[in-house]
Amino acid sequence: MSKNFTFVDLFAGIGGFRLALQNVGGECIGFSEIAPDAIHTYCANFHESEKSNLGDITKLKSLPPHDFMTAGVPCQSWSIAGKNLGFDDDRGQLWNDALFLLNKAQPKAFIFENVKGLADPRNKNALDYILRRINEAGYFAKKYIINSYDYGVPQTRIRIYIVGFKEEKYFNRFSLSEPCPGKIQLSDVLDKCENFKKNDIKILRVKKQQSLSCNEQGFNDYFLFNDLRGGETTIHSWNIKSTTERQKMICNLLLRNRRKPCYGHLDGNPLSILHFKELDETIKQEELDELVNLEILKKVSYLYEIKNPRMAETESERMILSLSENSILNVDKVKNDRNLKKLKIDAVSELKTMDKKQIVRCTEVRYDFKNSKISTGLNGVNRIFLPSSKIYPTLVASDTNDFVTSINIKAETVEEFRSKFMTEIYFPLNFRKISKKETCRIQGFPDDFILPESRPRWMKLLGNSVSVPVIQMLAQQVVNTGVFGGEYIAVKNNSFQQGLFGELWEEGFGKAVNS
């Protein structure tokens, strides 16, 4: 492919931007990255010397002349996984470095990418500041919120993209390609799913708040392993372990009532034996203790009476005592105290120590589910996706407890659906984590993309990357404006779906990376 424009790849990662821009006629004349693993991977795939790395962006004063700038500015400052500190986080200040270089280099066009959190209301001032700085640098720019699922990968991955032009006429010509949701689905990227009938799947347009999918019968195409939420395809620990119908009834009673505000102010609250008896007077203390022995429930010391306040010796003990009401300490209130959190004080452990020292005395014990972290799942399993699923969850840098299976289930009722899942998939262990190649496909990278052997390493690199097809769509639309001297192509139809993905996806997820 002839080279039609030059570009610089800032915050380059493993080269998602570069792969996309090379595919639409770009020539990379410089990249900047500081993470050693990402640098090694980038250079191995693009046949670059590590000496050609421009290095730490905070130390760059200028860039080589180029037409197109790309930057996937580190997202931790704006993401839910980060602390949401924005420009108060040093990493957020990297935006200033990127904008400084934009102003200095004055390329014809640029694309910046970040997590959707940057566009959230809580970060409005920060985003307004970024857009204002871009305008002050002499650019016309607009933000776009795009889900990768709409542009050719079976992954719900919502990101903000800022696309800008030096000249207003090209900015006015730019538009997104028509979305093509469902073009690529999970069965397309999973190995050993060749016989799966894709025609059985209905195309689903993913809404902003929708992350997963359901089949034509309305059953979820994934099973969730969780004790804290209900649902027709939710598997609980009492469905996995050997339990009686009576024990299942007690567990479901707790599940249905623990979120009621009369039992506390949290999203889920433990219940005391008195609460259980109010719901069902036949329930006995011994039955709850049996479920504790089965490691389905756990005991929670919930209320403490202040006994000997003068015995408090440490500042943390005195801070906890100050949170009492009528000489009673509520664990929920203590756990969620902002000052204790700031000081990283483990309030629950402190209270247990204070109980041993007879500063306080526990006066109420409650019962809650032992498995209380939603993302952890049960026995190391959070979700298992069937091959009929349209989409996979957002890939993240840290591996998740999500699994896939190549076995599809046909059933007439939800009960039959659940039963077949447990007997044909879960208990026989017919599920696995996605492979390196499958993860590449879910991000739009070719199968033969060179990555480290260690799963945590390649998972981090791919999870931090961009979805190549989305960048390729944006870059192609930038090229189509004629900003780099080519013909102006005013299209907003299915040409992206029919042309670009015909090559990228249908021929083995792309060829080897061009040097």
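Every value quoted in this text rests on a predicted model; they were computed, and no experiment measured them. Sequence positions, counted from 1, serve as the residue numbers for this chain.
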Aromatic plane relationship, F219 with F417 - under 30° parallel, 30 to 60° tilted, over 60° perpendicular: tilted

Gap between atom OG1 of T70 and atom CG of D9 - 0.5 Å precision: 4.0 Å

The reported gap from CG in L118 to CZ in R159 (rounded to nearest 0.5 angstrom) is 11.5 Å

For the backbone of Y222 and the side chain of N220, can you confirm whether one donor and one acceptor N or O come within less than 3.5 Å of each other? no

Go through T439 and I442 one step at a time and tell me if the side-chain contact (heavy atoms from CB on, under 4.5 Å) criterion holds. CA-CA 5 Å; T439 308; I442 289 172; 5.5 Å; no

Can any side-chain N or O of N103 pair as donor or acceptor with the backbone N or O of L99 at less than 3.5 Å? no

For P387 against S187, the heavy-atom pair lying closest together: O-CB, 3.3 Å

Is it the case that the side chains of S467 and Q443 hold a donor-acceptor pair, with the cut-off being a distance below 3.5 Å and no angle test? yes

State, without any angle test, whether S388 and D221 hold a side-chain donor-acceptor pair at a distance under 3.5 Å. yes

Is the closest side-chain heavy-atom distance between K124 and P121 below 4.5 Å? no

Between N53 and E50, is there a side-chain donor-acceptor contact under 3.5 Å, judged purely by atom types and distance? no

Side-chain heavy atoms of I391 within contact of Q185, under 4.5 Å: no

After noting the C-alpha distance and the side-chain angles of Y161 and Y144, does the key distance pass the ring-ring contact (aromatic ring centres under 6.0 Å, His included) rule? CA-CA 5 Å; Y161 300 87; Y144 299 89; 8.6 Å; no

Could you go step by step and tell me if R18 and N45 meet the side-chain hydrogen bond (donor to acceptor under 3.5 Å, both in side chains) rule? CA-CA 11 Å; R18 178 163 178 167; N45 282 282; over 6 Å; no

For side-chain hydrogen bond (donor to acceptor under 3.5 Å, both in side chains), just list the numbers for N480 and Y170, CA-CA rounded to whole Å, side-chain angles, deciding distance to a tenth of an Å, and then say yes or no. CA-CA 9 Å; N480 288 347; Y170 299 116; over 6 Å; no

For the student: nearest non-hydrogen atoms of P456 and S454, plus distance: CD-OG, 3.1 Å

Measuring only between side-chain heavy atoms, which start at C-beta, is L451 closer than 4.5 Å to L461? yes

F165 side chain near F174 side chain, heavy-atom distance below 4.5 Å: yes

Verify whether one side chain among T405 and N430 offers a donor that lies under 3.5 Å from an acceptor in the other. no

Applying side-chain hydrogen bond (donor to acceptor under 3.5 Å, both in side chains) to T234 and N226, what does each step give before you reach the verdict? CA-CA 7 Å; T234 299; N226 192 300; over 6 Å; no

Just verifying a value: how many Å separate L378 CG and K373 NZ, rounded to the nearest 0.5 Å? 14.0 Å

For this output row, return yes or no: ring centroids of F112 and F110 closer than 6.0 angstrom. yes

A side-chain contact here means heavy atoms from C-beta on lying under 4.5 Å apart; do S465 and F17 qualify? no

Between H236 and R229, which heavy-atom pair has the shortest distance, and what is it? NE2-O, 2.9 Å

D402 and Y392: side-chain hydrogen bond (donor to acceptor under 3.5 Å, both in side chains), yes or no, with the steps? CA-CA 9 Å; D402 290 327; Y392 193 78; 4.6 Å; no

Give, for atom CG of N336 and atom CG of L266, the distance between the pair rounded to the nearest 0.5 Å. 5.5 Å

Does NZ or CZ of K108 fall inside the cone over F5's six-membered ring, less than 6.0 Å from its centre and within 45° of the axis? no

Once you round to the nearest 0.5 Å, how far does CD1 of I409 lie from CG of L386? 5.0 Å

Note, T233 side chain near L224 side chain (heavy atom, < 4.5 Å): no

4.5 Å side-chain heavy-atom contact, V381 and N401: no

In sequence, state the C-alpha distance, the side-chain angles, and the governing distance for D337 and K341, and then conclude on salt bridge (charged side-chain N to carboxylate O under 4.0 Å, His left out). CA-CA 6 Å; D337 181 73; K341 285 183 175 181; over 6 Å; no

Assess the residue pair D399 and K433 against the criterion (salt bridge (charged side-chain N to carboxylate O under 4.0 Å, His left out)); give the C-alpha distance rounded to whole Å, side-chain angles, the decisive distance to 0.1 Å, and a yes or no. CA-CA 10 Å; D399 208 350; K433 288 197 172 186; 3.5 Å; yes

Measuring from Q106:CD to K104:NZ, what's the distance to the nearest 0.5 Å? 10.5 Å

Tell me, do L131 and L127 make a side-chain contact under 4.5 Å, heavy atoms counted? yes

So, F484 versus F68, ring centres under 6.0 angstrom or not? yes

Between F385 and F403, is the gap from one ring center to the other below 6.0 Å? no

